S.K.: 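Below is the structure I would like to discuss, written out as structure tokens.
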Amino acid sequence: MNLRRRGGILLSCCALALALAIGPGSGRADESDHERARQALQAGKVLPLGAVLDIVEREFPGQVVKVEFEEDDDEFIYEIRVLQSGGGILKLKIDARDGTVLSVKGRDIKFKSRD
């Protein structure tokens, strides 16, 4: 993935994260959610988004169209959606701690390493 495209994806993901943090009907972002995510990254509990996108790029051809970061009971997960060349959407769940792909959902899934 070229640098310009990756920068666009990261910028889109940051905008998405901000929009999700603000949420519908609220006047400002929930600072505690943002703070927990930042602390998890600084404490080394999670990988940065760039590292996770590298993993996705190596295994799944297509364009990342959505990224979500979730935390539940100190478990951190990146949910990433990838638009593949045939028009199918993959929904990936990735362990934010180590980059392990936990699940892949979608039709006609294409893997780079298995093409």
Side-chain angles (χ1 to χ4, degrees):
M1 184 182 296
N2 67 37
L3 186 59
R4 185 175 181 178
R5 186 168 150 203
R6 171 171 233 133
I9 290 171
L10 288 174
L11 183 59
S12 296
C13 292
C14 289
L16 174 65
L18 179 60
L20 290 172
I22 293 172
S26 68
R28 61 185 181 84
D30 182 348
E31 294 175 16
S32 64
D33 288 346
H34 172 75
E35 185 62 23
R36 280 196 304 263
R38 188 183 65 75
Q39 287 175 353
L41 180 61
Q42 286 184 337
K45 292 182 178 181
V46 299
L47 294 173
L49 179 59
V52 173
L53 290 176
D54 286 342
I55 293 166
V56 171
E57 179 183 307
R58 281 194 301 267
E59 292 297 318
F60 303 97
Q63 181 176 354
V64 172
V65 294
K66 185 175 182 180
V67 176
E68 293 181 21
F69 182 78
E70 298 180 355
E71 185 261 330
D72 186 27
D73 293 330
D74 213 30
E75 291 185 16
F76 301 95
I77 294 175
Y78 284 106
E79 282 192 8
I80 299 176
R81 295 207 176 133
V82 177
L83 175 63
Q84 293 200 300
S85 61
I89 298 277
L90 297 182
K91 183 177 180 182
L92 309 171
K93 285 194 176 192
I94 299 178
D95 187 326
R97 295 172 299 175
D98 60 12
T100 301
V101 178
L102 301 172
S103 70
V104 180
K105 293 181 182 178
R107 288 190 174 158
D108 301 322
I109 299 169
K110 296 176 186 172
F111 297 89
K112 283 188 177 177
S113 61
R114 299 176 198 160
D115 284 343

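The shown structure was predicted, so the numbers you read here are calculated from the model rather than taken from an experiment.
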S.K.: Side chains of Ile80 and Phe60, heavy atoms from C-beta outward: is any pair under 4.5 Å?
M.R.: no

S.K.: As an exercise, state the distance from NZ of Lys66 to CZ of Arg81, rounded to the nearest 0.5 Å.
M.R.: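 Those atoms lie 4.5 Å apart.
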
S.K.: Group every Ile, Leu, Val, Met, Phe, Trp and Tyr by side-chain heavy-atom contacts under 4.5 Å, then state whether Val52 and Val64 land in the same group.
M.R.: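 Yes, one cluster joins them.
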
S.K.: Work out which heavy atom in Leu41 is nearest to a heavy atom in Leu47; give both atom names and the distance.
M.R.: CD1-C, 4.0 Å

S.K.: How long is the span from the CD atom in Glu59 to the CG atom in Asp54, to the nearest 0.5 Å?
M.R.: 12.0 Å

S.K.: Quick one: does Tyr78's side chain get under 4.5 Å of Val56's, heavy atoms only?
M.R.: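 Counting from C-beta outward, Tyr78 and Val56 never come under 4.5 Å.
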
S.K.: Using 0.5 Å steps for rounding, measure from the CG atom of Leu90 to the NZ atom of Lys105.
M.R.: 12.5 Å

S.K.: For the CD atom of Glu75 and the NZ atom of Lys45, what is their distance to the nearest 0.5 Å?
M.R.: 12.0 Å

S.K.: Any chance you could measure Ile94, atom CD1, to Leu92, atom CG, to the nearest 0.5 Å?
M.R.: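 With rounding to 0.5 Å, CD1 (Ile94) is 5.0 Å from CG (Leu92).
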
S.K.: Roughly how far, to the nearest 0.5 Å, is the CD1 atom of Ile55 from the OG1 atom of Thr100?
M.R.: 7.5 Å

